[in-house]
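Letters go in sequence order (proteins before strands), and every chain restarts at 1.
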2 protein chains.
Amino acid sequence: MPHDHCPSCAAPDLAFVAHDHGPCASDALARAIAILAAKGLRLTPVRRRTLEILLEGHRALGAYDVLSRLASEGFGAQPPVAYRALDFLEEHGLAHRIRRLNSFTACMHIGENHTAAFLICRACNAISEAPATPSRAALDSAASAQGFAIESATIEALGLCPACQRAAA
Amino acid sequence: MPHDHCPSCAAPDLAFVAHDHGPCASDALARAIAILAAKGLRLTPVRRRTLEILLEGHRALGAYDVLSRLASEGFGAQPPVAYRALDFLEEHGLAHRIRRLNSFTACMHIGENHTAAFLICRACNAISEAPATPSRAALDSAASAQGFAIESATIEALGLCPACQRAAA
DNA sequence: ATCTATATGTTATATCGTAACATTACAAGA
DNA sequence: TCTTGTAATGTTACGATATAACATATAGAT
């Protein structure tokens with residue numbers, strides 16, 4: 001369900017475009033709070049901080065990167081601390097796992113019911129969450145041709161963002 | 001480039017269908033030999049055996065699974081032995097990496113120039129290589145809307161194959 | 001205030017993957 | 001045939017990613 005009243009839905013993904021990132025982050029955080037409240041789930045300090053860390057940029061962070069940030073801020077220092085927070089965020093649609101990088105990124109379309117496709121720049125590591133509806137529909141159709149029932153889909157592309165293409169040329 | 005003269009191109013993927021698997025494997029091996037010969041590359045004993053192991057079924061094997069098989073047959077017993085063979089096969093289109101499972105599966109469409117989509121049954125672990133052309137086209141179009149140049153795509157779906165859906169019902 | 005479910009923290013270990021370097025086999029030219 | 005450069009295989013050692021199992025603490029309900 002796209003929100004046409006909000007900037008992040010109307011506009012294409014800004015990951016590859018210079019922009020004021022503050023609103024991206026604060027908007028996402030506000031949505032996260034609303035969604036968890038609606039579901040009766042708790043955005044505890046570790047979880048909130050983990051989400052904020054992911055929201056610092058359009059990139060993916062490994063669990064151990066997140067962990068060292070958390071540890072330096074007084075949270076637990078062992079892997080399950082990070083994995084649990086990240087898994088919670090992913091389970092409730094606030095973050096995504098980037099399989100290609102064994103890492104995690106904040107969801108930029110919180111609250112929209114979506115399959116995400118990720119464009120991963122191999123040069124600058126920026127990650128854009130692209131509209132995946134058509135791609136997902138095509139995948140659904142290939143799956144039903146074999147009688148396969150999809151429960152979750154992973155769609156990721158590795159390549160070069162516009163700026164890094166120019167830099168490489 | 002589909003081969004309409006060969007069974008594996010004309011027919012839909014057989015992973016979820018009971019079938020005589022012998023031809024799948026021997027056909028794939030024959031194609032692998034032809035392709036490597038054409039490129040002047042060597043299908044050495046480890047590489048060949050690794051491919052044969054992957055070709056034993058429509059499923060994915062972890063690098064360490066492959067490694068223990070290789071080791072038990074007198075090949076080296078250290079991880080790089082398996083990873084090198086697997087990476088070689090992937091690089092030349094004879095095998096695919098399944099990101100979702102951190103594992104590898106034989107390519108069932110060797111020699112066809114394709115982006116693969118994988119249907120992964122979470123109950124029986126069978127893996128089907130589905131036609132991904134439409135899905136990939138949609139992804140390309142989402143990428144170019146952001147000026148992103150895709151170099152490689154990962155399209156995977158987790159769910160239930162027909163037989164396991166019936167078993168679950 | 002107590003109870004219960006949830007969340008956080010720990011130790012320990014499993015699993016996946018690669019860097020660096022020594023040794024062996026191979027193919028191509030002298 | 002013999003050298004010789006290159007590719008392939010093997011090793012040790014380690015780094016990176018992830019989870020099992022269990023102890024402690026906290027929030028919210030009664």
Task: For atom CG of B:Leu86 and atom P of D:dT9, their distance in whole Å - done: 12 Å
Open item on the list: By the salt bridge (charged side-chain N to carboxylate O under 4.0 Å, His left out) test, which pairs, at least two apart or in different chains, include something from residues 138-155 of chain B?
Closed with: A:Arg122-B:Glu151, B:Arg136-B:Asp140
Open item on the list: In whole Å, I'd like the distance from the CZ atom of A:Phe88 to the P atom of C:dT6.
Closed with: 12 Å
Task: salt_bridge(B:Glu52, B:Arg69) N-O dist < 4.0 Å - done: no
Task: Side-chain ion pair, A:Arg99 and A:Glu156, N-O less than 4.0 Å - done: no
Distance-only donor-acceptor pairs under 3.5 Å for side chains of residues 80-88 of chain B, two or more places apart:
none

Task: Atom-pair distance (CG on B:Leu43; P on D:dA8), nearest Å - done: 11 Å
Task: Protein-nucleotide distance (B:Ile98, atom CD1; C:dC16, atom P), rounded to Å - done: 14 Å
Task: Short side-chain N/O contact to C:dA25 OP1/OP2 from B:Thr44, under 4.0 Å - done: no
Open item on the list: Which is more 5' along DNA chain D, the nucleotide nearest B:Ala77 or the one nearest B:Leu41? Just name the residue.
Closed with: B:Leu41
- [ ] Could you tell me whether the side chain of A:Asp13 and the main chain of A:Ala130 form a donor-acceptor pair under 3.5 Å?
- [x] no
Open item on the list: Any side-chain to backbone donor/acceptor pair from A:Glu90 onto A:Phe104? Under 3.5 Å, distance only.
Closed with: no
Open item on the list: If I take atom CZ in residue A:Arg100 and atom P in nucleotide C:dC16, what distance separates them, rounded to the nearest angstrom?
Closed with: 19 Å
Open item on the list: Treating primed atoms plus P, OP1 and OP2 as sugar-phosphate and everything else as base, which nucleotides of nucleotides 13-30 of chain D get B, S or - for protein heavy atoms under 4.0 Å?
Closed with: ----BBBB------S---
TODO: Would you kindly give the CD-to-C1' distance between A:Glu91 and C:dT6, to the nearest whole Å?
DONE: 13 Å
